[in-house]
2 protein chains.
Amino acid sequence: MNTQTELLAIQDVAEATGLSVHTLRYYERIGLIHSIGRAQNTHRRYSMDDVGWIEFLKKLRATGMPIHQMQRYAELQRMGDETLPERLEMLKELRRSVEAHLAELQEHLKIIQYKIELYGEILAERTP
Amino acid sequence: MNTQTELLAIQDVAEATGLSVHTLRYYERIGLIHSIGRAQNTHRRYSMDDVGWIEFLKKLRATGMPIHQMQRYAELQRMGDETLPERLEMLKELRRSVEAHLAELQEHLKIIQYKIELYGEILAERTP
DNA sequence: TCTTGACTTAGAGCGCGCTCTAAGTTGTAG
DNA sequence: CTACAACTTAGAGCGCGCTCTAAGTCAAGA
């Protein structure tokens, strides 16, 4: 099988993932993405696995995980299977924080909703 | 009725709201909180209404509303009832964004959940 | 009287997560 | 052959939302 044809340039990955090329290089510099291949001309060549990992990173970020924790997670991933328990712990902790955040947002949504209804009623009274 | 006894010093408000005194002064400087009374010695004196407004500000922040929008909202509030329609629009827009954020978080939570289960199974196999 | 501590203002500084710039290299199109 | 576009690295800069500092005022307690 020809793996060569599956390799993407940084611009392609930027378009595929929605991250900027700047951010992709930044993530690599700080250790979130590792061992990205280089073409003979030193240009980065991303595999499909790399893109999958980047998509996972995006999800971690979107849940509010801070960069330094993502760095730790990436480091553990690099270290291999014996770090599975620690990664599992990190994911469980993340789940806890996402669930808490969800609950908070739902509470606040109720208050916003209440206020919208209140304002709506006041406006309806004023211009019947 | 003695309204004097209901007035709080900045430290009391910090404790009551969970915001720092620095943040309370900052919010006032940038126009999020307005017309906080002063004692003869120039010290701020917060009314219960002020505290209620600060609590509302906290909710707006917690839903992810950026400071500059909160400034706009506070400005409208100051301008009185004729700005009700615009404030209502802002709240509806906020509701949309909170709902979108909730949906995104719930999606990500599922993926985290899936990964936790996967890792759990792998670990269970390895140490039966 | 003196010290302590809570307050005041104006403005500088900081941590986060990017985002951009500068200077240089390489490969392809005209 | 030349021009251009896309890439490279190292490091500076930025927007946000605070957070802290400096210098000063004031009131209460030892």
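By convention in this document, chain letters (A, B, ...) are assigned in the order of the sequence lines, proteins followed by strands, and residues within each chain are numbered from 1.
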Go through the structure and list residues passing side chain to side chain donor-acceptor pair (under 3.5 Å) with B:Gln71, not counting sequence neighbours. none

Those residues that, when tested against B:Glu117, pass salt bridge (Lys or Arg N to Asp or Glu O under 4.0 Å) (two or more places apart): none

Is B:Glu28 paired with B:Arg38 through a side-chain N to carboxylate O contact shorter than 4.0 Å? yes

Taking atom P of C:dG17 as reference, at what distance in whole Å does atom CG of A:Leu19 sit? 14 Å

State plainly whether the residues A:Glu107 and A:Lys110 are in salt-bridge range, i.e. N to O under 4.0 Å. yes

Qualifying residues under side chain to side chain donor-acceptor pair (under 3.5 Å), relative to A:Thr23, sequence neighbours excluded: A:Ser20

Salt bridge or not for A:Arg96 and A:Glu93, using N-O below 4.0 Å? yes

Between atom CG in B:Leu57 and atom C1' in D:dG17, what is the gap in whole Å? 14 Å

Can you list, in residue-number order, the parts of residues 22-39 of chain A that come under 4.0 Å of DNA chain D, counting heavy atoms only? A:Arg25, A:Arg29, A:Arg38

Just to confirm, is there a sub-4.0 Å distance from OP1 or OP2 of C:dA6 to any side-chain nitrogen or oxygen of B:Arg45? no

Between C1' of C:dC18 and CD1 of A:Ile54, the distance in whole Å: 16 Å

Please determine if A:Glu55 and A:Lys58 form a salt bridge, counting it only when a charged side-chain N lies under 4.0 Å from a carboxylate O. yes

Measure from CD on B:Gln71 to C1' on D:dC16 and round the result to the nearest Å. 12 Å

Mind calculating the distance between CG (A:Asp12) and P (D:dA5) to the nearest angstrom? 18 Å

May I have the distance from A:Met65 (atom CE) to C:dC18 (atom P), rounded to whole angstrom? 14 Å

Of B:Pro66 and A:Ala9, the one whose closest DNA chain D nucleotide lies more 5': A:Ala9

What integer distance in Å separates A:Lys58:NZ from C:dC18:P? 12 Å

For B:Arg61 and D:dG17, is the shortest distance between a side-chain N/O and OP1 or OP2 below 4.0 Å? yes

Counting heavy atoms from C-beta on, name the nucleotide in C:dC18, D:dT8, C:dT8 closest to the side chain of A:Ile67. C:dC18

How long is the line joining NE2 of B:His68 and P of D:dG17, in whole Å? 8 Å

Value rounded to 0.5 Å, distance of CG in B:Leu109 from NE2 in A:His101: 12.5 Å

Where protein sits on nucleotides 22-30 of chain C, one letter per nucleotide: B base, S sugar-phosphate only, - none, heavy atoms under 4.0 Å: ----SS---

Could I get the full list of side chain to side chain contact (heavy atoms under 4.5 Å, CB included) partners for B:Pro85, not counting sequence neighbours? A:Leu123

